[in-house]
Each structure stands twice: as structure tokens, then as C-alpha cells.
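What follows is a short report on a single structure.
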Amino acid sequence: MSSPHGPAPLNVPDIQSFLRSSWLDAWLVYDFRGSNPIFSQLLGGQRWTTRRALLVIPASGEASLIVHNIDAPQFATCGVALSVYTDWQQWQAMVRAAVDDRPRVAMEYSPMGELPAVSFVDGGFLEFVRSLGTNVVSSGDLIQFSVARWSAEALAKHHECSRLTAQVKDEAFSLIRDRLAANQTVTEYDVQQLIMKRFADHGLDPDHPPIIGVNEHSGDPHFEVSATNPSVIRRGDWVLIDLWARYPSQEHIFADITWMGFCGPRVPDEHQRVWKTVKGARDAAKDLVIERWNAKQPVHGYELDDAARAVIDAAGYHDAIRHRTGHSLSPGPKIHGLSANLDNFETRDTRLILPQTGFTIEPALYVPGFGCRSEINLYVDPVRGPIVTSPIQDEVLLLA
């Protein structure tokens with residue numbers, strides 16, 4: 001499992017440069033009992049507050065941390081000046097001083113709650129800050145810049161992990177092919193356990209077991225394989241394998257891919273139509289982000305989702321969509337990261353696709369009887385632009 005260690009400690013000068021370029025006077029990072037994961041990641045790892053805390057990063061000047069005296073000892077070495085309070089009157093006075101003469105600040109909130117992935121501040125504290133005459137804007141892109149960018153080491157480890165994950169994927173499909181050829185039984189659970197063993201052999205952390213979905217099970221985006229009553233994989237079956245892993249510790253990035261296979265010599269017509277549509281949607285999003293980069297034009301998460309769904313809509317499969325086109329990949333405790341998602345379906349993700357961040361492209365269709373998904377990973381290199389870090393599936397694998 002992942003270690004608790006997170007990304008590099010707080011880089012105040014970099015954040016201040018971003019604040020100034022965004023015409024922001026400060027970033028206020030509020031936390032109460034772990035309510036805001038950004039607070040912890042900015043301070044270099046797990047931090048648990050039992051009382052209210054506020055990290056204040058001004059556009060210029062010294063950063064500070066307002067923290068209760070009970071919690072103060074654990075922050076003594078965090079590299080930020082501490083302002084320690086004891087009662088609520090002192091707390092409010094310190095917050096007032098922090099926003100004085102700072103008319104425009106960023107906080108973890110989204111206007112009208114449109115983007116819950118960045119909404120961690122409770123409404124009451126937001127009201128209090130605004131009552132002080134301060135305009136609060138979303139810190140969405142600031143979060144990306146500060147905690148979601150990949151380090152050079154993380155990128156190198158991700159490439160290596162992607163290679164190994166693809167290798168394990170090949171071994172999983174080979175198990176199905178070999179067992180069928182030998183007329184031996186193979187189940188979803190057999191394939192899942194092979195993947196888990198091979199990840200362990202390579203020293204990789206999958207966080208939780210992969211998805212092996214046969215026929216109707218491939219139509220459940222979060223299907224969980226049964227250890228006691230798994231489905232047997234037979235000739236004529238449609239198979240989805242979604243697997244993910246990273247090197248242990250939170251500064252590393254997951255490789256997260258999904259591939260499709262069919263246990264026969266020829267993919268059925270309806271399955272092939274669905275596959276062709278999913279593949280076209282995937283490539284449309286990929287091509288757009290590369291095109292925008294080459295043209296030196298910005299692109300937002302929702303626009304890449306739109307590009308993929310336009311292909312799906314044109315093919316007549318709009319009603320078979322159940323989720324967004326892709327999710328962020330970034331340092332931190334979770335597989336789904338803190339940078340922009342490819343989403344104008346579940347939410348409207350207006351965050352920019354920024355250099356040194358990564359994401360998946362994984363359009364999917366769920367029709368009666370089966371589902372189909374194709375998932376690739378991309379990293380936005382500051383010089384080369386968006387690069388695909390995972391293998392790309394062009395045809396459904398034939399397994400029998």
C-alpha cells in the first residue's frame with residue numbers, strides 16, 4: 001500500500017508567481033479536521049487538525065498558518081510562520097487581519113457548487129470571509145499548479161510503471177487465451193488474482209484490485225469481481241480488463257488503462273460498432289488537446305469531454321453514456337487526482353489543462369448486455385506538449 005508521504009513541501013515563491021499572474025491577492029486554504037485535502041498536500045504530507053486552521057499565502061510577503069494552540073506542535077517544522085490562537089475571538093481577529101487590504105482571494109470552492117472536486121470550504125466560513133469585504137474566487141487552477149504537477153522523478157517512475165502495467169495486461173489476456181485453447185476453466189477471479197500477483201512481483205501498488213468484467217459485467221463501470229462466485233470466461237464472451245498501479249508512495253503517479261477482448265475469431269457486429277465509436281471518441285479528445293497545444297491555444301477539461309461525446313452522439317449512442325470522458329492523474333492519496341477532469345457531463349470542468357499535469361482519456365458506452373471502454377494516459381510535457389504514456393488499443397483483442 002502507499003506510504004503516507006506526499007508531494008514536495010510548500011513552494012511559496014512558485015505559488016506567489018501564479019497568484020500575481022492571476023491577479024489574486026492571496027490564497028486562503030481552510031481546514032477543519034481534515035476537511036480539505038489540499039491543506040495537507042501543501043504542507044508536505046498528512047496533517048490532522050482538531051480545530052480550525054488557515055494557511056495564508058499572499059501574492060507577496062511571508063506565508064503564515066493560523067492554527068489552534070493544541071494543534072500547533074505538529075506544524076512547528078512545516079516551514080511556515082505560525083499564528084497561534086486559543087479562543088474563537090482570536091481566530092476571527094487573525095482571519096480579519098489575514099484578508100485586510102486583500103480584496104481578491106482564492107479558496108477551495110466552486111461557484112454554484114458546479115465543480116465538487118475543488119469544493120472543500122464550508123458555506124459558513126465562506127460567508128465570514130466575504131463579510132469582511134473580500135471577493136472570493138475558485139482556487140481550481142491554483143490547486144492544479146500547486147499540488148497536481150508531476151515532478152521529473154514522478155514522470156520517470158510513471159513511464160516505468162506504465163510499461164509494467166501494460167506487460168501485466170498482456171499476461172492477463174494471455175491467461176484467458178491459453179486456458180481457452182487448452183479447454184481449461186478460467187474465471188474473472190483467476191485473471192484478477194494473476195494481475196495482483198504480478199503487480200506484487202514488480203513492487204507496484206494497485207491500491208485495490210482491478211476490474212475484470214465479462215459480458216454484462218463489463219457494463220458496470222465499478223464492477224467488483226466475486227472471489228466466491230466469479231463468472232467463468234467462455235468462448236464467445238466479451239471481456240473488459242481495467243487495471244491500475246503505481247510505485248508505492250503518494251508522490252508517484254498511477255498508470256490506469258482499460259482494454260477490451262473477445263473470446264472468438266471475429267468480433268460481433270454490434271460490439272464492433274460500439275468499439276469503433278469508443279475508439280473514435282478517445283482519439284477525438286486526444287487529437288484536440290494536441291492540436292490546441294500546437295496552436296498555442298488553451299484548452300479546458302470540459303472541451304475534451306465535448307470532443308469525445310460529439311463522436312458518440314453522431315453515432316447515436318448518447319443514451320449509452322454513464323460517466324465523464326476522463327479523470328486527473330496526479331500525486332496524492334487517490335487514483336483520481338486533483339487536476340482537471342475531462343468532464344462536461346457529470347460536472348462542467350472549466351479548469352485549464354496545464355503543463356506538467358496528466359489525465360486519462362477513457363470514453364465508454366454501456367449498452368444492453370455489455371459495456372466498452374478504452375483508456376489511455378497522457379502527460380502534458382512543458383516543451384513537447386501532450387504525450388501518451390500508455391499503450392493505445394487499435395483493435396479488440398481476439399482471445400479464441
Side-chain angles (χ1 to χ4, degrees), residues 169 173 188 210-224 231 233 236-244 256-292 299-328 336 340-349 353 359-378 386 388 390-399:
K169 174 264 299 177
F173 280 115
E188 294 167 330
I211 298 172
I212 318 297
V214 177
N215 299 329
E216 67 275 7
H217 292 167
S218 66
D220 180 349
H222 285 173
F223 174 68
E224 295 185 8
S231 290
I233 302 172
D237 284 348
W238 177 253
V239 182
L240 175 150
I241 298 182
D242 184 357
L243 69 166
W244 50 84
D256 186 2
I257 58 176
T258 306
W259 279 54
M260 304 303 307
F262 178 68
C263 301
R266 179 179 178 274
V267 179
D269 290 345
E270 177 62 7
H271 291 71
Q272 184 63 29
R273 282 193 294 271
V274 171
W275 162 255
K276 182 179 178 181
T277 302
V278 166
K279 175 186 171 183
R282 178 199 71 197
D283 292 346
K286 172 178 65 69
D287 293 346
L288 179 60
V289 71
I290 294 171
E291 174 189 317
R292 289 286 185 85
V299 64
H300 303 82
Y302 75 88
E303 294 178 284
L304 300 182
D305 185 61
D306 285 348
R309 287 194 297 111
V311 173
I312 292 171
D313 290 349
Y317 285 111
H318 176 81
D319 291 342
I321 301 171
R322 292 183 60 187
H323 55 71
R324 64 194 172 203
T325 294
H327 64 78
S328 162
H336 292 204
N341 296 316
L342 278 55
D343 192 3
N344 197 19
F345 185 73
E346 301 172 32
T347 66
R348 182 174 174 82
D349 201 320
I353 302 296
F359 53 90
T360 69
I361 300 178
E362 51 175 312
L365 294 176
Y366 303 97
V367 299
F370 71 96
C372 180
R373 188 161 68 245
S374 180
E375 182 177 16
I376 61 175
N377 303 164
L378 280 84
V388 179
S390 59
I392 300 180
Q393 184 174 13
D394 291 320
E395 301 293 342
V396 175
L397 299 178
L398 299 179
L399 307 175

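Each residue takes its place number in the sequence, starting with 1.
- A 4.5 Å side-chain heavy-atom check between His222 and His323 finds every atom pair outside the cut-off.
- Contact record, Gly326 with Asn341: O-CB, 3.6 Å, taken as the closest heavy-atom pair.
- Counting only distance, with no hydrogens or angles, the side chain of Arg322 and the backbone of Gly219 share a donor-acceptor pair below 3.5 Å.
- Counting heavy atoms from C-beta on, the side chains of Ile211 and Arg373 come closer than 4.5 Å.
- Taking Trp238 as the reference, His271, Phe370 meet the ring-ring contact (aromatic ring centres under 6.0 Å, His included) condition, with sequence neighbours excluded.
- Crowding of Glu270 atom CD: a count of heavy atoms from other residues, nucleotides or ligands under 6.0 Å exceeding 12.
- Counting only distance, with no hydrogens or angles, the side chain of Glu375 and the backbone of Asp242 share no donor-acceptor pair below 3.5 Å.
- No side-chain heavy atom of Gln272 sits under 4.5 Å from any side-chain heavy atom of Phe262.
- Of the inter-residue distances, the one linking Lys279 atom NZ with Gln393 atom CD reads 9.0 Å to the nearest 0.5 angstrom.
- In terms of heavy-atom proximity, Leu342 sits nearest to Arg324 at O-CB, 3.4 Å.
- Trp259 has its side chain out of reach of Ile241: every pair of non-hydrogen atoms, C-beta onward, lies at least 4.5 Å apart.
- Across Val289 and Pro386, no two heavy atoms sit closer than the pair O-CG, 3.7 Å.
- Applying the salt bridge (Lys or Arg N to Asp or Glu O under 4.0 Å) rule to Asp256 yields no partners; only residues at least two apart in sequence or on another chain are considered.
- Of the inter-residue distances, the one linking Trp275 atom CH2 with Asp394 atom CG reads 7.5 Å to the nearest 0.5 angstrom.
- Contact check for Val311 versus Tyr317: no side-chain heavy atoms found under the 4.5 Å cut-off.
- The nearest pair of heavy atoms linking Ala285 to Ala308 is CB-CB, 4.4 Å.
- In this structure, the separation between CD1 on Ile257 and CD1 on Ile392 is 11.5 Å, given to the nearest 0.5 Å.
- If you take NE2 on His327 and OG1 on Thr360, they are separated by 4.0 Å, rounding to the nearest 0.5 Å.
- For the pairing with Asp305, the side chain to side chain donor-acceptor pair (under 3.5 Å) check across Thr347, Asn344, Thr325 returns one residue only, Thr325.
- Closest non-hydrogen pair, Gly264 versus Leu398, comes out as O-CD2, 3.4 Å.
- With rounding to the nearest 0.5 angstrom, the CZ atom of Arg292 is 8.0 Å from the CG atom of Leu304.
- Every residue two or more places apart in sequence or in another chain was checked for a ring-ring contact (aromatic ring centres under 6.0 Å, His included) with Phe345, and none qualifies.
- Atom-to-atom distance recorded for Ser374:OG and Leu365:CG is 11.0 Å, nearest 0.5 angstrom.
- When all heavy atoms of Cys372 and Val278 are compared, the closest pair comes out as O-CG2, 3.7 Å.
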